[in-house]
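Accompanying notes for the structure given below.
Proteins get letters first, then strands, A, B, ... in listed order; numbering begins at 1 in each.
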Protein chains: 2
Amino acid sequence: MDAADIEHRLARLRSAFRERGVKLTHQRLEIFREIASSLEHPTADVVFRAVKARLPTVSLDTVYRTLWLLNDLGLVATLGPRKEGIRFDPNLGRHHHYLCLRCGLVRDFEGSGMAALRLPAAVRGFGSVRVVQVEVRGLCRRCSSAQPKTKKARKA
Amino acid sequence: MDAADIEHRLARLRSAFRERGVKLTHQRLEIFREIASSLEHPTADVVFRAVKARLPTVSLDTVYRTLWLLNDLGLVATLGPRKEGIRFDPNLGRHHHYLCLRCGLVRDFEGSGMAALRLPAAVRGFGSVRVVQVEVRGLCRRCSSAQPKTKKARKA
DNA sequence: TTAGGTGCAAATTCTTTGCACCCTG
DNA sequence: CAGGGTGCAAAGAATTTGCACCTAA
């Protein structure tokens, strides 16, 4: 994630905020900066800790409120199975997800030809289309080897 | 969802259970039957209520345990943004999802040409591939019209 | 018979909310 | 300066767990 890219995202943030008339506070800026520069898909808690390092007084609930606000504004998206907390994803780039059915691991990958997907007309009837992603599910390497008899395979 | 299809799913269930050496209890059977015959993507609570009608003594925690067990066995998958409770999806059929970024609405759609997606080699490195789905995100009709200033757009 | 499964209720964990003060626009 | 935004602490949900009894294999 290079700096110019982040700047670009921040610019989008500013205009989206102005457009919708919401205030651009120090906290919101830092929270967005944090998630926008992340290659991961952090949970609210992870974002909270990271932001707290730079802005010691932020509270977890502000992080939640901001994350949902960004979601409503279409600047980030929520991701996949939750397992342990909702994950937030800085929208943008054309990337896709690989998810482990068992442990919830998430990996991104880029797809070249996949961008050209032709969606059925029915989809337009549901609403607007902002993002099209491919989701691949399976068992990750770790989970493939370990074959628990019955119990706890999740928390891992 | 026709009866033959459900029978087919139940057959898969039995063999998967036998294979892994887990017991096929009355509760598990009913829980699976419930979700397998659903066209929706019910939350644990919805499944619980439906099953309870036929099996008055089941407990919510058994539903959770069973759902996760089925998930680990690869018989169902967890779905999309959680918003209000994890949703479970009876894997099988080639269907895809439309998700509303704001309210979490989920709609299925079938894709013809999409089955032929060519996945990048990198994906195989993550683990096995069991399901490939397309996820389309946008704002559903309802959310497109209502444009809340700042507050609550989610709970809707 | 016997390990795994279930129900119950309590415990956790994640997320949201009410309120008084603060800061952006 | 005004109204949205924030932090704090407490409330609310959703999900999980310990334990003693029950049942499929």
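- Between Phe109(A) and Phe126(B), the ring planes lie tilted relative to each other; the angle falls in the 30° to 60° range.
- Here Gln27(A) does not reach the OP1 or OP2 of dC23(C): none of its side-chain N or O atoms lies under 4.0 Å away.
- Of the candidate nucleotides dA25(D), dG5(C), dT6(D), dT6(D) has the atom lying nearest to any side-chain atom of Arg28(A).
- At a threshold of 4.5 Å between side-chain heavy atoms, the hydrophobic network of Ile, Leu, Val, Met, Phe, Trp and Tyr places Leu73(A) and Leu29(A) in one connected group.
- At the phosphate of dT15(D), neither OP1 nor OP2 sits under 4.0 Å from any side-chain N or O atom of Trp68(B).
- Between the base of dC8(C) and the side chain of Asp61(B) there is a donor-acceptor pair shorter than 3.5 Å.
- Between Thr25(B) and Val63(A), it is Val63(A) whose nearest contact on DNA chain D lies nearer the 5' terminus.
- Between the C1' atom of dC14(C) and the CZ atom of Arg87(A) lies a distance of 14 Å, rounded to the nearest Å.
- With 3.5 Å as the limit, one finds no donor-acceptor pair spanning the side chains of Asp108(A) and His96(A).
- With DNA chain C read from its 5' end, the first of the two nearest nucleotides for Lys23(B) and Thr66(B) is the one closest to Lys23(B).
- Applying the 3.5 Å distance criterion, the base of dG7(C) shares a donor-acceptor pair with the side chain of Arg65(B).
- Listed candidates were dT6(D), dG4(C), dG7(C). Nearest to the side chain of Thr57(B) is dG7(C).
- Here the P atom of nucleotide dT16(C) and the CG atom of Leu69(A) are 13 Å apart, to the nearest Å.
- When only modelled atom types and interatomic distance are considered, Asp45(A) and Thr43(A) share no side-chain donor-acceptor pair under 3.5 Å.
- Side-chain N/O atoms of Thr62(A) include one lying less than 4.0 angstrom from OP1 or OP2 on dG7(D).
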